[in-house]
Amino acid sequence: MSELRKVSILTILFFMIDSVLTSFVPISFTKSSTMIIPCLGFMMFAMNCFVFRKNDCLLYATIAGAFYSVVYAKSLLFYVVIFALIAFLIRKIINFISFTYFEVLLVFISTIFLKEIVVYLFMYATNQTSLGIVEMFINRLIPTITFNILVSWIVYFTHVKVFKIQKWSGNDVYKSEREE
């Protein structure tokens, strides 16, 4: 199966898992309650950014952002820009990580943190939320990051298994068993 097909299937599958998890975890947009946002699809998107070369990665980010916007969000351009920004940043750090679980976990945490902060700032600027920054950190950001840390191993090890990753080659894409 081609890399593009694997990436597409994994991305859509994990966004669907997010949708199912949303039914089971407490999600609320009231000011006083805890909000947990499952980000497995977003974490798989981040993992898939390692598969592509720079230009292909930005195209993938645009398509994934558009998919997310159409299926889950109300603002088309907003999520396309967020996904492209995350992909750009991931491609910038690609030379500095060796693809261990803990390094990828830091990438997951950083990207979720960035996404949630940008979403909060957008919602606050457009008067879609009345949460203050402290309430957002306590009631949304910390629970979301904690939950996603607990389930991140599913994304990481699924990706490693599907792409048969053996070693990291710095600026190039993954080296799989087929290429050895």
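Heavy-atom basis, side chains included; hydrogens, waters and symmetry copies ignored. Note that the structure is a prediction, hence the values are computed from the model and not measured.
Atom CG of Leu150 and atom CD1 of Ile145 lie 12.0 Å apart (nearest 0.5 Å). Here CD1 of Ile133 is found 11.0 Å from CD1 of Ile138. Values are rounded to the nearest 0.5 Å. Annotation: the span from Leu40 atom CG to Thr11 atom OG1 amounts to 12.0 Å, rounded to 0.5 Å. Atom OG of Ser69 and atom CZ of Phe83 lie 7.5 Å apart (nearest 0.5 Å).
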Problem set entry | Test log, rule side-chain hydrogen bond (donor to acceptor under 3.5 Å, both in side chains), inputs Ser152 and Tyr101 | CA-CA 9 Å; Ser152 65; Tyr101 172 71; 2.7 Å; yes

Problem set entry | Check against side chain to side chain contact (heavy atoms under 4.5 Å, CB included), Phe137 and Ile117 | CA-CA 9 Å; Phe137 268 85; Ile117 292 296; 3.9 Å; yes

For this session: Starting from the C-alpha separation in whole Å, work towards a yes-or-no answer on side chain to side chain contact (heavy atoms under 4.5 Å, CB included) for Met16 and Val20.
Result: CA-CA 6 Å; Met16 290 171 55; Val20 171; 5.8 Å; no

For this session: Begin from the C-alpha positions of His159 and Val162 and carry the test side chain to side chain contact (heavy atoms under 4.5 Å, CB included) through to its verdict.
Result: CA-CA 5 Å; His159 198 272; Val162 167; over 6 Å; no

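Of all heavy-atom pairs between Val80 and Gly65, the closest is CG2-C, 3.7 Å. In terms of heavy atoms, Leu58 sits closest to Ala87 at CD2-CB, 4.2 Å. What you find for Tyr156 and Phe99 is that their closest heavy atoms are OH-O, 2.8 Å. For the residue pair Met47 and Val104, the shortest heavy atom distance occurs at SD-CG1, 3.3 Å.
Linking Ile, Leu, Val, Met, Phe, Trp and Tyr residues whenever their side-chain heavy atoms come within less than 4.5 Å places Ile112 and Leu121 in a single cluster. No continuous path of hydrophobic side-chain contacts links Ile63 to Phe14 [ILVMFWY only; heavy atoms under 4.5 Å]. Clustering ILVMFWY residues whenever any of their side-chain heavy atoms sit less than 4.5 angstrom apart, transitively, puts Phe42 in a cluster other than the one holding Leu59. Linking ILVMFWY residues whenever their side-chain heavy atoms come closer than 4.5 Å, directly or via other members, places Phe88 and Met43 in the same cluster. The hydrophobic cluster containing Met123 also contains Val134, counting ILVMFWY residues as joined when their side-chain heavy atoms lie under 4.5 angstrom apart, directly or transitively.
Within the 4.5 Å cutoff, side-chain heavy atoms of Val119 are placed close to those of Ile82. Under the 4.5 Å side-chain criterion, counting only non-hydrogen atoms from C-beta, Val118 is not in contact with Lys115. In this structure, Ile86 and Cys49 have side chains that are not in contact, with every pair of non-hydrogen atoms separated by 4.5 Å or more. When side chains are defined from C-beta on, Glu103 counts as touching Thr100, because their heavy atoms get closer than 4.5 Å. Between Leu89 and Leu114 the shortest side-chain heavy-atom distance falls below 4.5 Å. Using a 4.5 Å cut-off on side-chain heavy atoms (C-beta onward), Phe163 and Lys6 make contact. In this structure the side chain of Met35 never reaches within 4.5 angstrom of the side chain of Leu141, judged on heavy atoms. Looking at Thr22 and Pro38, their side chains come closer than 4.5 Å, going by heavy atoms from C-beta outward.
Side chain of Asn148 to backbone of Ile37: a donor-acceptor contact under 3.5 angstrom is found. At least one donor-acceptor pair under 3.5 Å links the side chain of Asp18 to the backbone N or O of Gly41. Side-chain atoms of Thr158 never come within 3.5 Å of backbone atoms of Val155 as a donor-acceptor pair (strictly under, hydrogens ignored). At distances below 3.5 Å, not a single donor-acceptor pair connects side-chain atoms of Arg140 with backbone N or O atoms of Thr34. At least one donor-acceptor pair under 3.5 Å links the side chain of Tyr120 to the backbone N or O of Leu131. Although no hydrogens or angles enter the test, the distance criterion places no donor-acceptor pair under 3.5 Å between the side chain of Glu116 and the main chain of Phe113. Between the side chain of Thr146 and the main chain of Pro143, no donor-acceptor pair closer than 3.5 Å is present.
A perpendicular orientation is assigned to the rings of Phe67 and Tyr72, their planes being inclined by more than 60° (bins at 30° and 60°). Classified by interplanar angle (parallel below 30°, tilted 30° to 60°, perpendicular above 60°), the ring pair Phe52/Tyr60 is tilted. Using cut-offs of 30° and 60° for the angle between ring planes, the Tyr68 and Tyr79 rings count as tilted.
Within 6.0 Å of CZ in Phe122 there are more than 12 heavy atoms belonging to other residues, nucleotides or ligands.
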